[in-house]
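The shown structure was predicted, so the numbers you read here are calculated from the model rather than taken from an experiment. The chain is numbered in sequence order, starting from 1. Start at 1 and go down the list; that is how both ligands and their atoms are numbered.
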Amino acid sequence: MTPTLKNPLTRLRWGLLSTARINRALIPVLRQSRRSECAAVASRSAQSAQAYAQEWGIPRAFDSYEAMLADPDIDVIYNSLPNSLHAEWTIRAVQAGKHVLCEKPLATSVEQVDAIIQAASRAGRIVAEAFMYRHHPQTLRVKEIVQSGMLGELRLVRGAFSFTLDRPGNPRLDPAMGGGSIWDVGCYPISYARYVIGAEPVEVFGWQMSAPSGIDETFVGQMHFPNGVVAQFDSSFHLPYRAQMEFIGTHAGLRVRVPYKPGKAEKIDLLRGDQTETITIRGTSLYQGEVEDMENAILHGQPPRISLADSRANIAVIQALLRSAQEGTPCEPNLPQAAIKE
Ligand SMILES: NC(=O)c1ccc[n+]([C@@H]2O[C@H](COP(=O)([O-])OP(=O)(O)OC[C@H]3O[C@@H](n4cnc5c(N)ncnc54)[C@H](OP(=O)(O)O)[C@@H]3O)[C@@H](O)[C@H]2O)c1
């Protein structure tokens with residue numbers, strides 16, 4: 001007999017796991033949505049949870065992460081903890097029956113991603129990595145153009161994401177918190193290249209400039225994909241703000257001016273010899289897509305746009321790049337053979 005659903009979900013009650021700065025990107029989207037609401041925030045201290053709830057007009061404040069996970073009136077957790085805590089709290093959340101939108105990177109090892117996949121599958125809950133740029137119409141259009149053959153055969157991809165990090169004590173600088181520029185921002189050009197190419201790298205080579213703590217302050221990487229496509233990228237905490245992606249084919253190139261944080265109207269450039277054709281793309285507000293994607297997945301059973309296999313592959317590539325930089329030799333990412341498409 002099919003069990004009758006009691007109170008089937010029509011509107012998702014979100015709980016913010018921590019008072020992280022990035023929450024401020026999500027809160028306005030949750031407020032505007034008809035299918036979601038920002039119901040609660042949890043913090044390690046009661047005082048900070050209450051102050052945060054008051055500042056942002058959030059109805060409920062929890063004085064511990066555990067207390068929010070134990071509350072039956074929360075459906076979805078937004079995991080905005082530092083990187084090293086993503087896997088542990090995502091697993092705890094799904095075990096408590098919550099769906100989870102987890103900030104990037106979903107975890108800091110493939111073993112952790114495998115544990116998340118297992119826990120989510122056992123609990124029958126959705127987990128998705130919050131790579132917001134993946135949902136934006138510009139990203140979808142870039143992939144469409146490259147895959148259409150408009151550039152000829154794709155040969156080279158170049159990407160960069162850097163900024164100057166001058167906040168001492170920030171978890172991004174702490175190896176124990178999953179710090180380092182490749183985990184923080186290098187993950188974007190890696191993810192972008194893999195997505196648009198539509199395959200996984202067979203071999204990677206990395207070089208890093210390390211801080212005394214051991215984290216990479218600057219990372220330069222190269223990824224070799226099937227069919228002779230090479231992707232190069234850099235990430236850094238020591239360079240001015242740069243955010244770039246470029247796709248170069250045998251006939252033309254495509255330059256994405258604002259690849260990772262695109263807005264409501266963006267321009268991309270199609271480069272043919274010395275001719276530049278500019279294409280304008282109407283977008284949405286940046287963080288709207290990831291919330292709508294969770295709503296579609298939880299309320300309507302659609303697969304999340306970023307699968308856990310996709311997140312696992314990005315993390316496998318990052319780990320291989322870090323291993324390569326340590327060993328000074330090319331490395332193969334830990335990926336199932338089926339993931340590498342010829
Ligand atoms: N997608 C994007 O556009 C984007 C942008 C920025 C950041 N991010 C990601 O979002 C996550 C959070 O980044 P953020 O810069 O917003 O973080 P943040 O401001 O440093 O906040 C992290 C929060 O984690 C909690 N926390 C728990 N244990 C902690 C510890 N040992 N040390 C420090 N904080 C601890 C704290 O909240 P309580 O004190 O309230 O418990 C803190 O406010 C990161 O994974 C980052 O990669 C994504």
*Asks:* Is T19 close to ligand 1, meaning an N/O of one under 3.5 Å from an N/O of the other?
*Replies:*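 The answer is yes, given that T19 and ligand 1 share an N or O pair closer than 3.5 Å.
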
*Asks:* Is there at least one pair of N or O atoms, one from R167 and one from ligand 1, spaced under 3.5 Å apart?
*Replies:*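 No; every N/O pair is 3.5 Å or more apart.
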
*Asks:* How would you list, by chain and number, every residue that makes a side-chain contact (heavy atoms from CB on, under 4.5 Å) with P304, sequence neighbours excluded?
*Replies:*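 Applying side-chain contact (heavy atoms from CB on, under 4.5 Å) to P304 gives I126, A128, D293, A297.
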
*Asks:* Check for me whether K261 has a heavy atom closer than 4.0 Å to any atom of ligand 1.
*Replies:*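 Contact absent.
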
*Asks:* So which protein heavy atom does atom 27 (C) of ligand 1 come closest to, and at what separation?
*Replies:*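 The closest one turns out to be Y65 OH, 3.2 Å.
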
*Asks:* Identify, for atom 1 (N) of ligand 1, the protein heavy atom at the shortest distance, and state residue, atom and that distance.
*Replies:*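 Closest protein heavy atom to atom 1 (N) of ligand 1: E103 OE1, 3.1 Å.
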
*Asks:* Below 4.0 Å from any atom of ligand 1, is there a heavy atom belonging to Y260?
*Replies:*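 Per 4.0 Å heavy-atom rule, Y260 does not contact ligand 1.
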
*Asks:* Does a donor on one side chain sit under 3.5 Å from an acceptor on the other, for E292 and Q288?
*Replies:*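 Q288 and E292 do have a side-chain donor-acceptor pair below 3.5 Å.
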
*Asks:* Who passes side-chain contact (heavy atoms from CB on, under 4.5 Å) against M150, sequence neighbours left out?
*Replies:*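 Expected list: I145, S148, L270, R272.
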
*Asks:* Looking only at protein heavy atoms, identify the closest one to atom 4 (C) of ligand 1 and say how far it is in Å.
*Replies:*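 Residue, atom and distance for the closest contact: I22 CD1, 3.4 Å.
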
*Asks:* Could a heavy atom of Y78 be found less than 4.0 Å from some atom of ligand 1?
*Replies:*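 No, Y78 has no heavy atoms under 4.0 Å from ligand 1.
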
*Asks:* What is the closest protein heavy atom to atom 45 (O) of ligand 1, and at what distance does it sit?
*Replies:*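 For this ligand atom, the closest protein heavy atom is N83 OD1, 2.7 Å.
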
*Asks:* Other residues, nucleotides and ligands only: do more than 12 of their heavy atoms fall within 6.0 Å of CZ on R21?
*Replies:*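 No.
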
*Asks:* Apply the side-chain contact (heavy atoms from CB on, under 4.5 Å) test between W56 and each candidate in I27, V41, L16, T19; give the one that qualifies.
*Replies:*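 Only match with W56 under side-chain contact (heavy atoms from CB on, under 4.5 Å): I27.
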
*Asks:* Does the ring centre of F161 sit less than 6.0 Å away from the ring centre of F233?
*Replies:*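 Not close enough - the centres of the two rings lie 6.0 Å or further apart.
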
*Asks:* Does Y241 have its ring centroid less than 6.0 Å away from the ring centroid of F163?
*Replies:*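 Not close enough - the centres of the two rings lie 6.0 Å or further apart.
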
*Asks:* To which protein heavy atom is atom 37 (O) of ligand 1 closest, and what is the distance rounded to 0.1 Å?
*Replies:*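 Heavy-atom neighbour on the protein nearest atom 37 (O) of ligand 1: S18 CB, 3.3 Å.
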
*Asks:* Which residue supplies the protein heavy atom nearest to atom 28 (N) of ligand 1, what is that atom called, and how far is it?
*Replies:*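 Its nearest protein heavy-atom neighbour is R44 NH1, 3.3 Å.
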
*Asks:* Looking at ligand 1, is there an atom of it that comes within less than 4.0 Å of some heavy atom belonging to F131?
*Replies:*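 Contact check F131 vs ligand 1: negative.
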
*Asks:* Can you tell me if E153 has over 12 outside heavy atoms packed within less than 6.0 Å of its CD?
*Replies:*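 At most 12 heavy atoms, drawn from other residues, nucleotides or ligands, come within 6.0 Å of this atom.
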
*Asks:* So does R158 have more than 12 non-hydrogen atoms from other groups sitting under 6.0 Å from CZ?
*Replies:*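 Check fails, neighbour count at 12 or below.
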
*Asks:* Name the closest protein heavy atom to atom 31 (N) of ligand 1, giving the residue it belongs to and the distance to 0.1 Å.
*Replies:*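 Of the protein heavy atoms, M177 CE, 3.4 Å lies nearest.
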
